[in-house]
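Quick note on labels: first sequence line is chain A, next is B, and so on, each numbered from 1. Nothing here was measured: the structure is a model prediction, and the numbers come from that model.
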There are 2 protein chains.
Amino acid sequence: MEISARKKKILAAVVDEYIRTAEPVGSKTIAETAGLGCSSATIRNELAELTALGYLEQPHTSAGRVPSPKGYRFYVNELMERQKLSVEETEAINARLNEKMEQLDRLMTDAGKLAGQLTGYPALTLSAPRAAAVKRFDLLYVDANTFIIVALLSNNTVKNKLVHLPFSVEQGQIQKLSALFNAGFTGLTEEEITPVLISATERAARDTMGLTSIIAAFTIETLSRSREGAAYVTGESSLLQQPEFRDPDKAHRVISYLSDSEHLLRLPSGGGQGDVRVIIGPENLAEELRDSSVVMASYDAGEGQRGLIGVVGPLRMDYSAVAAKLQYIAEGLSRLLGGGEAPAGFGKMILKGDVKSDEPDE
Amino acid sequence: MEISARKKKILAAVVDEYIRTAEPVGSKTIAETAGLGCSSATIRNELAELTALGYLEQPHTSAGRVPSPKGYRFYVNELMERQKLSVEETEAINARLNEKMEQLDRLMTDAGKLAGQLTGYPALTLSAPRAAAVKRFDLLYVDANTFIIVALLSNNTVKNKLVHLPFSVEQGQIQKLSALFNAGFTGLTEEEITPVLISATERAARDTMGLTSIIAAFTIETLSRSREGAAYVTGESSLLQQPEFRDPDKAHRVISYLSDSEHLLRLPSGGGQGDVRVIIGPENLAEELRDSSVVMASYDAGEGQRGLIGVVGPLRMDYSAVAAKLQYIAEGLSRLLGGGEAPAGFGKMILKGDVKSDEPDE
DNA sequence: CTTTAGCACTCGGAAGACGAGAGTGCCAGC
DNA sequence: GCTGGCACTCTCGTCTTCCGAGTGCTAAAG
């Protein structure tokens with residue numbers, strides 16, 4: 001059934017007002033603020049119908065109306081006006097992003113913090129899982145008991161490991177192994193590195209000291225790690241400032257759920273497509289998030305990878321403001337990280353590098 | 001003034017009972033449980049004196065007694081019996097630590113999670129800040145537009161960075177720079193890398209493309225990062241389950257304070273010396289932690305570095321159990337990481353390596 | 001001098017009573 | 001179909017009352 005234009009206006013007014021005040025909104029308020037030329041009694045009739053249709057809910061008989069998840073969904077899909085950021089806001093975001101360019105390696109987590117601060121909600125950042133292969137090996141001989149493994153992955157991150165040996169090796173042996181690994185292991189994904197291959201390499205290297213298996217183990221672990229994706233949350237505690245999370249138990253449930261990166265990585269699967277995804281309450285696959293909403297924006301992380309940046313908050317989230325901010329941040333990140341044309345100076349160049357070889361754990 | 005043996009027993013009983021129940025404890029309870037052969041009236045007299053001396057507090061005139069910070073301090077220093085872990089507990093910890101050996105790089109944060117789970121409080125891990133120098137440079141030529149910087153630091157961690165260039169370089173140029181940096185920059189700390197040195201190197205390398213400054217900037221940033229130390233917190237939300245943090249605002253203050261690693265790094269300065277440090281409420285330098293307690297154990301992280309692992313909780317913390325658990329975990333970490341004799345097999349060797357080159361951000 | 005029993009007193013917290021206020025549903029009239 | 005009016009409902013804050021735990025004090029006993 002189609003909803004009349006007036007009903008839409010009223011629904012939008014209820015959602016806007018409720019987002020602002022966190023209080024159930026009554027007919028009188030709407031009659032005064034929404035600027036429709038009709039009285040509160042008329043609004044009441046409309047409200048009753050919207051309630052019957054499932055877009056609104058009543059906490060109790062004589063309270064105002066509160067949007068239902070269905071109401072929020074309708075609001076997000078059709079009513080919400082795409083909020084424009086003010087010039088000050090965009091400038092502030094740009095300034096922060098540019099400032100962060102100085103600290104390249106922390107860009108992702110810092111972008112999360114930025115999102116959290118701007119929106120006032122806990123922020124999460126996800127990097128899409130992706131099967132990687134090793135593009136190139138280097139073994140650096142340090143001294144007779146020490147060498148470094150450096151691996152350049154197909155997603156252009158660099159991983160390394162310092163290995164101390166309880167016995168001595170010669171530089172030549174290290175170089176030989178380096179060549180053999182470059183010849184035999186590059187371009188392979190985790191599954192393709194078989195025990196057969198490893199033992200063949202071991203024989204070819206005349207390696208009787210287990211070096212081959214150390215390097216292979218490092219490779220396998222590195223590849224499996226890169227395939228898991230990475231996820232972090234910042235600002236969890238800001239959830240406590242939301243009226244709907246004043247109940248410590250409720251807040252604890254959500255926060256501890258978010259603290260497990262396993263959970264986070266499964267989160268996006270619940271979302272729709274598009275540049276900004278909104279997951280409203282019960283739409284969440286996870287039981288623990290059934291009365292929270294998640295808004296995520298996707299950005300181009302370069303090298304064909306995409307990342308997600310988002311926030312978690314109560315159903316009563318300021319969807320339009322949050323979506324606008326996240327989208328702007330995501331665009332900024334895409335610009336900084338993505339595969340477009342290089343900006344002037346070293347910015348782009350440096351940003352594609354990475355001081356760290358690996359992502360932080362959560 | 002010296003406190004009588006009976007007063008000590010009574011004080012210990014109050015603290016133990018209050019830790020257990022989180023309720024003010026009355027004279028009757030103590031008379032029944034503490035097993036001193038005297039009546040509640042006698043206890044009352046003693047309690048009144050202990051209160052006058054500042055070891056106990058009364059929430060209001062006709063409530064039981066609650067330990068004051070001074071009382072906790074006395075308890076921790078003199079009364080608390082060093083709790084022994086049960087065999088099951090030590091075995092569980094050992095199992096977890098050994099299991100974690102498989103995932104070497106996450107050992108520190110995982111140890112924090114272990115501590116958090118065992119104690120039920122938010123856990124923090126700190127690695128002591130320490131000025132590092134670069135022990136060795138390697139520049140790996142990947143292709144005409146790309147090279148990798150690998151730096152082995154004096155604390156035996158490896159850092160790296162992938163650099164994309166908007167112009168071409170030759171392999172020889174990269175090799176020359178590598179040699180120059182090894183000659184000129186190894187052994188220097190952050191302060192010793194001066195603009196003069198950098199421009200001298202730039203001239204020596206006949207570098208007109210700014211490569212030198214890129215490498216120098218990476219070096220300086222890496223060293224400054226390693227000097228900052230690292231800090232992470234896990235399980236913040238478990239604080240919400242403590243009765244004294246049911247107030248979301250109070251919990252929020254503490255958690256958001258803990259979320260800033262700057263703050264965490266300054267934390268230990270408030271503590272005493274010894275293998276397990278206890279900082280009780282107002283003893284904390286930080287205003288935000290004035291009604292929280294911090295217990296930290298120190299461990300040998302190898303290479304002359306020490307790390308800290310600890311938990312944050314309410315004043316009413318189960319100090320003896322927490323201290324015992326933390327100490328046991330710290331001992332386990334020292335065993336795994338520290339400079340003792342190598343255990344059988346590859347365990348030690350691998351553990352001293354590091355899949356990641358850098359510490360996670362918080 | 002210390003310990004004990006007894007007792008009046010105090011105070012916080014739970015439970016109930018009550019009024020105010022906000023908001024609804026419905027109806028009759030325009 | 002809209003509007004004003006009105007009775008009704010339900011929550012919330014406040015106030016009162018009541019109960020009990022625990023105290024401090026005193027006087028007697030050891």
Original post:
Taking atom types as they are modelled, is there a donor-acceptor pair under 3.5 Å from the base of D/dC10 to the side chain of A/S62?
Top reply: yes

Original post:
Do B/R246 and B/Q241 get their side chains close enough for a donor-acceptor pair, meaning under 3.5 Å?
Top reply: no

Original post:
Taking only residues two or more places apart in sequence or in another chain, which ones pass side-chain hydrogen bond (donor to acceptor under 3.5 Å, both in side chains) with B/E288?
Top reply: none

Original post:
Counting any heavy atom closer than 4.0 Å, what does A/S27 reach on the DNA or RNA strands: base, sugar-phosphate only, or nothing?
Top reply: sugar-phosphate

Subject >> Separation of atom CG in A/L56 from atom C1' in C/dG23, rounded to whole Å >> reply: 14 Å

Subject >> Atom-pair distance (CD1 on B/I43; P on D/dG24), nearest Å >> reply: 13 Å

Subject >> Results of ring pair (Phe, Tyr, Trp, His ring centres under 6.0 Å) for A/F74 - residues two or more places apart only >> reply: A/Y55

Subject >> Rounded interatomic separation in angstrom, taking OH from A/Y18 and P from C/dG23 >> reply: 14 Å

Subject >> For B/E46, salt bridge (charged side-chain N to carboxylate O under 4.0 Å, His left out) partners two or more places apart >> reply: B/R6, B/K7

Original post:
How long is the line joining CD of B/E17 and P of D/dA21, in whole Å?
Top reply: 16 Å

Subject >> Atom pair distance, as rounded to whole Å: CD1 in A/I30 and C1' in C/dT24 >> reply: 13 Å

Original post:
What is the distance, rounded to the nearest whole Å, between atom NZ of B/K7 and atom P of C/dT2?
Top reply: 10 Å

**OP:** Any chance you could list the contact pattern along nucleotides 25-30 of chain C? Use B for base contacts, S for sugar-phosphate-only contacts and - for none, protein heavy atoms under 4.0 Å, 5' to 3'.
**Re:** BB----

Original post:
Side-chain N or O of B/T42 less than 4.0 angstrom from OP1 or OP2 on C/dT4?
Top reply: yes

Original post:
If you check every side-chain atom of B/H60, which of C/dC11, C/dT3, C/dT4 has the closest atom?
Top reply: C/dC11

Subject >> Sequence neighbours excluded, every pair satisfying side chain to side chain donor-acceptor pair (under 3.5 Å) that has a member inside residues 314-325 of chain B >> reply: B/Q83-B/S320, B/Q242-B/R316, B/E244-B/R316, B/S293-B/Y319

**OP:** Take the protein atom CD of B/E49 and the nucleotide atom P of D/dC25, then report the distance between them rounded to whole Å.
**Re:** 12 Å

Original post:
Would you say the side-chain atoms of A/R65 and A/T51 include a donor-acceptor pair closer than 3.5 Å?
Top reply: yes

Original post:
For B/Y257, what residues pass the ring pair (Phe, Tyr, Trp, His ring centres under 6.0 Å) criterion, not counting sequence neighbours?
Top reply: B/H263

Original post:
To the nearest Å, how far apart are A/E46 CD and D/dC2 P?
Top reply: 7 Å

